[in-house]
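Shown next, in structure tokens, is the structure this report addresses.
Throughout, a chain's letter reflects where its sequence line sits, starting with A, and its residues are numbered from 1.
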Amino acid sequence: MRTLYLALLLAPAVSFGADAPPKVSAQQFVNLQQGNSAFPGFRRAHAKGICISGEFRVNGQLADYSQASLFKAGSTPFIGRLSIAGNNPTAPDLKAPVRSMALSFASSRTEQWRLAMNTPPVMAVADPHTFYQQIQAIQAGPAAIKQFFADHPESDEFRAWAAQYQPSGSFAAETYHSINAFYLVNTDGKQQAVRWAMRPTVAVPATESDRDNALQQEIAARIAAGEVVFDWVFTLADPSDDETNPTKAWPDNRQQITAGQLVLTGTTPQLEGDCHAINFDPLVLPVGVKATADPILRARSAAYAESYRRRAKEQLQGALEGSNNE
Amino acid sequence: MSNSDRFSLSMRLFHWGMAALVLSMVAAGLLMVTSLQPWQLTLLNIHKAFGVMAILLVTARLINRLRHEPPALPHELADWQKTVAKASHWLLYILLFAMPVSGYLMQYFAGRPVDVFGWFRLPAALQVDIHYYALFRELHGWLAVVLIGLIALHIGAALHHHFIRKDDVLKSML
């Protein structure tokens, strides 16, 4: 009994010592993301994107789960951004492995909500310090990332997704996932862990193009011709699901609720649009939505703030003057 | 030491209460801008909420200060030392206002409403202004550096009075 007690007491310390990667700071993280040659005035991650605008048309089905005014009735306008992963604001759209959608709802002066979503439904790793090692491995090349995945079995679900993922020919035809889980909180104070996804309503086959701005041109033309619609679908966790682990999807049979439709009605080049000024920190939340203890989610504020501070300061110093979006 | 040689009880309470608040906020501020740990978000929210408390407290403190006469500085102090002492005290007051105001304004222009312990929220701009954000973000950081320097000078001066000059300046605040 005593041995068992001692073993239990020491187990966390031992496993912590054996597995824990070195702790990195927000500054180290953003240094790694921006690489050796930063692009002054641009985001350090997902540097290339296009501003979008539109509105969320709610159907009221989520109002019992969250007191956020967004879910009650009517429609709420948003400013958003469609982007590709990477630190280069002029990178070719079709070469990026990940596409993203970010949204900002400014419902009122005291209620704002920022969302940052990516095409993968899960992360390959469960904490920011291991994520740092993953980015190091990606930068080091195919052999290093292969070794990294072999050393990190928690990346199984991410790799399975990556193996079957077929990039579409349009930002309009991707599914964008919250990846991290959040709590919805209703007026009775009841909490429900959820993840969400923006699901496309069109299918667009992959295109061959050597144009760097293939996706931006495609989405601008598509939205100019008519509304682009996504279903905002929430997946409700069971008590048995772990809402703090971003590497594990929840089973397919979990209850899903469509909260309404996200309707994209406009695009603007990012340096001319309102989205460029916004830090899409997903921890800017309205009353009625709360952060879970997911370590990746909780690392985001500090990392986003460091990237935002750098580019804001650079822009104040005139970094983007004379820049265009080409 | 007679009563008139000592700061009033209300002034001493304000002084030590705010000393604890300011030191913990400086420590929290320095930690939260670097840490990626899960408690960072909690610390960030506490820092912002305490900032709102700080501006209420320093307002009450300033009113209290204007209504009470502090003990006179020791006669043997040189005039320039008295000037530096008084200037540094008023500069501290200015910083105690400027820190929460610049902190709030950077949140305001970044479009981030400040939540105060879930009781209420301070408003934020509906449209983000990255220039004003940058201005107040950098100002908040630089003011923090000046504040830390002034606090060090303040503590150094208090210890100098007590241990080297052996006068009653430190005791007047105890």
Open item on the list: Closer than 3.5 angstrom, by distance alone: can the side chain of A:H46 be matched with the main-chain N or O of A:N87 as a donor-acceptor pair?
Closed with: no
Task: Close approach to chain A in residues 79-86 of chain B, criterion heavy atom under 4.5 Å - done: none
TODO: May I ask you to name which of A:Q27, A:Q112, A:R109 has the most heavy-atom pairs under 4.5 Å with chain B?
DONE: A:R109
- [ ] Let me see the working for A:R44 and A:E314 under salt bridge (Lys or Arg N to Asp or Glu O under 4.0 Å), right down to the final yes or no.
- [x] CA-CA 12 Å; A:R44 292 331 198 229; A:E314 290 157 0; 2.4 Å; yes
TODO: Would you confirm whether A:Q192, through its side chain, and A:A237, through its main-chain N or O, come within 3.5 Å as a donor-acceptor pair?
DONE: yes
- [ ] Assess the pair B:Y133 and A:Y308: is the distance between their ring centroids shorter than 6.0 Å?
- [x] yes
- [ ] Identify which of A:A106, A:P286, A:A299, A:A303 forms the greatest number of heavy-atom pairs closer than 4.5 Å to chain B.
- [x] A:A299
Task: Close aromatic pair by centroid cut-off 6.0 Å: A:F29 and A:F131 - done: yes
TODO: Give the minimum heavy-atom separation between A:S69 and A:E111, together with the two atoms involved.
DONE: OG-OE1, 2.9 Å
Open item on the list: Checking an interface table here. Which of residues 32-56 of chain B come within a heavy-atom distance under 4.5 Å of chain A?
Closed with: B:M32, B:V33, B:T34, B:S35, B:L36, B:Q37, B:P38, B:Q40, B:L41, B:T42, B:L44
Task: pair A:K48-A:F39: side-chain heavy atoms closer than 4.5 Å - done: no
TODO: Let me know if A:A305 has heavy atoms under 4.5 Å from chain B in its side chain, its backbone, both or neither.
DONE: backbone
Task: Sorted by number, residues from residues 117-128 of chain B in contact with chain A (heavy atoms, under 4.5 Å) - done: B:R121, B:L122, B:P123, B:A124, B:A125, B:L126, B:Q127, B:V128
Open item on the list: Keeping B:D129 on the side-chain end and B:H131 on the backbone end, is there a donor-acceptor pair under 3.5 Å?
Closed with: yes
Task: Toward chain B, the part of A:D294 with a non-hydrogen atom under 4.5 Å - done: neither
- [ ] Mind checking the NE2-CZ spacing from B:H160 to B:R165? Nearest 0.5 Å is all I need.
- [x] 5.0 Å
Task: Toward chain B, the part of A:R114 with a non-hydrogen atom under 4.5 Å - done: side chain
Task: Option that, when pairs with chain B are counted at under 4.5 Å, heavy atom only, ranks first among A:E306, A:H129, A:H276 - done: A:H129
Extract all donor-acceptor atom pairs below 3.5 Å that involve side chains of residues 70-77 of chain A and protein atoms in other chains or at least two apart in sequence.
| from | atom 1 | to | atom 2 | distance (Å) |
| --- | --- | --- | --- | --- |
| A:K72 | NZ | A:Q67 | O | 3.1 |
| A:S75 | OG | A:E55 | OE1 | 3.4 |

TODO: Determine the option with the most heavy-atom pairs under 4.5 angstrom with chain B, choosing from A:R309, A:Q315, A:R298, A:K313.
DONE: A:R309
- [ ] Below 4.5 Å from any heavy atom of chain B, which atoms of A:S108 appear? Answer side chain, backbone, both or neither.
- [x] backbone
Task: Interatomic distance, A:S100 atom OG to A:L115 atom CG [nearest 0.5 angstrom] - done: 12.5 Å
Task: Under 3.5 Å: donor-acceptor pair, side chain of B:H140, backbone of B:G103 - done: yes
Open item on the list: Walk me through whether A:L283 and A:Y304 qualify under side chain to side chain contact (heavy atoms under 4.5 Å, CB included).
Closed with: CA-CA 10 Å; A:L283 294 164; A:Y304 280 54; over 6 Å; no
Task: Check: A:F78 ring centre within less than 6.0 Å of A:W113 ring centre - done: no
- [ ] Please assess B:S172 against B:D5 for the test side chain to side chain donor-acceptor pair (under 3.5 Å), listing each intermediate value before the final yes or no.
- [x] CA-CA 6 Å; B:S172 68; B:D5 297 338; over 6 Å; no
Open item on the list: Whether A:E154 and A:K248 form a salt bridge (side-chain N of Lys/Arg under 4.0 Å from carboxylate O of Asp/Glu) is what I want to check.
Closed with: no
TODO: Give a yes or no on whether a salt bridge exists between B:E76 and B:K166, defined as a side-chain N under 4.0 angstrom from a carboxylate O.
DONE: no
